Amino acid sequence: QVQLVESGGGLVQPGGSLRLSCAASGSIFRINAMGWYRQAPGKQRELVATLSSGGRTNYADSVKGRFTLSGDNAKKTVSLQMNSLKPEDTAVYYCNFGLIGTDLRYLEVWGQGSLVTVSS
C-alpha cells in the first residue's frame, strides 16, 4: 500500500503566499511522476503542476510565474510554493504520484486534499 499525506493550505489574502507539501510512504519501487491538481467549487479537477522522473516540470498557464513545484524522489516528497495568490486560486489542492509499487504494478495515488482559500 502507498499513502500520501499533505500539509499546508489555509486562508490567505490576495497577493499572499502559501506552501503545500506532500509525502509518500509505503511499498514504492520507483516514482515516475509527481504533482499537484486542484478542484474549485463546481469545477472539474485540473492540473496545476507536474514533475516527471526526467526532471521536466509542466505548469498550467494560469499559475506560470507564480507557483513553483519542487520534488525529491529520494525523500518521496513534493512541494508547491504558491506566490501572488489570487481569489481564483481558491480550491482543494491534491497531490498526485504516479509510481511503480514493489509488486511492479503501476499505481496512481492521490493525497487527501488541502483547502486553499484566497480572500480578503
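Position 1 is the first residue of the sequence, and the numbers go up from there. Please read all numbers here as calculations on a predicted model, not as lab measurements.
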ask   = Restricting to pairs with a member in residues 88-107, which pass salt bridge (Lys or Arg N to Asp or Glu O under 4.0 Å), not counting sequence neighbours?
value = R38-D89, R66-D89
message = Side chains of W36 and L69, heavy atoms from C-beta outward: is any pair under 4.5 Å?
response = yes
query = Transitively linked via ILVMFWY side-chain contacts under 4.5 Å: L4 with I100?
reply = no
ask   = Which residue pairs pass the ring-ring contact (aromatic ring centres under 6.0 Å, His included) test with at least one member in residues 2-28, sequence neighbours excluded?
value = none
Using atom types as modelled, flag every donor-acceptor pair under 3.5 Å from a side chain in residues 12-33 to any protein atom, sequence neighbours excluded.
| unit_1 | atom_1 | unit_2 | atom_2 | d |
| --- | --- | --- | --- | --- |
| S17 | OG | N83 | OD1 | 2.9 |
| R19 | NH1 | Q81 | OE1 | 3.3 |
| S21 | OG | S79 | OG | 3.3 |
| R30 | NE | N32 | OD1 | 3.1 |

inquiry  = I need the full list of salt bridge (Lys or Arg N to Asp or Glu O under 4.0 Å) pairs touching residues 54-63, with sequence neighbours left out, sorted by first then second residue.
reply    = D61-K64
message = Quick check for you: to the nearest 0.5 Å, what is the distance between L99 atom CG and E108 atom CD?
response = 9.5 Å
request  = Enumerate the residue pairs fulfilling ring-ring contact (aromatic ring centres under 6.0 Å, His included) with a member in residues 39-91, sequence neighbours excluded, ordered by first and then second residue.
outcome  = none
ask   = Going by side-chain heavy atoms closer than 4.5 Å, which hydrophobic residues are tied to V5, directly or by a chain of links?
value = none
query = According to the side-chain hydrogen bond (donor to acceptor under 3.5 Å, both in side chains) rule, which pairs have a member within residues 2-11, sequence neighbours left out?
reply = E6-S114
Contacts of type side-chain contact (heavy atoms from CB on, under 4.5 Å), residue K75, not counting sequence neighbours = D72, T77
query = Which pairs, with at least one residue in residues 60-89 and sequence neighbours excluded, count as a disulfide (SG to SG under 2.5 Å)?
reply = none
message = Nearest 0.5 Å, please: how far is CG in L51 from OG1 in T57?
response = 4.5 Å
query = Considering only heavy atoms from C-beta outward, does the side chain of V2 approach that of F97 to under 4.5 Å?
reply = no
remark   = Going by chain and number, the hydrophobic cluster around L115 (ILVMFWY, side chain to side chain under 4.5 Å) further includes Y37, L47, V92, Y94, W110
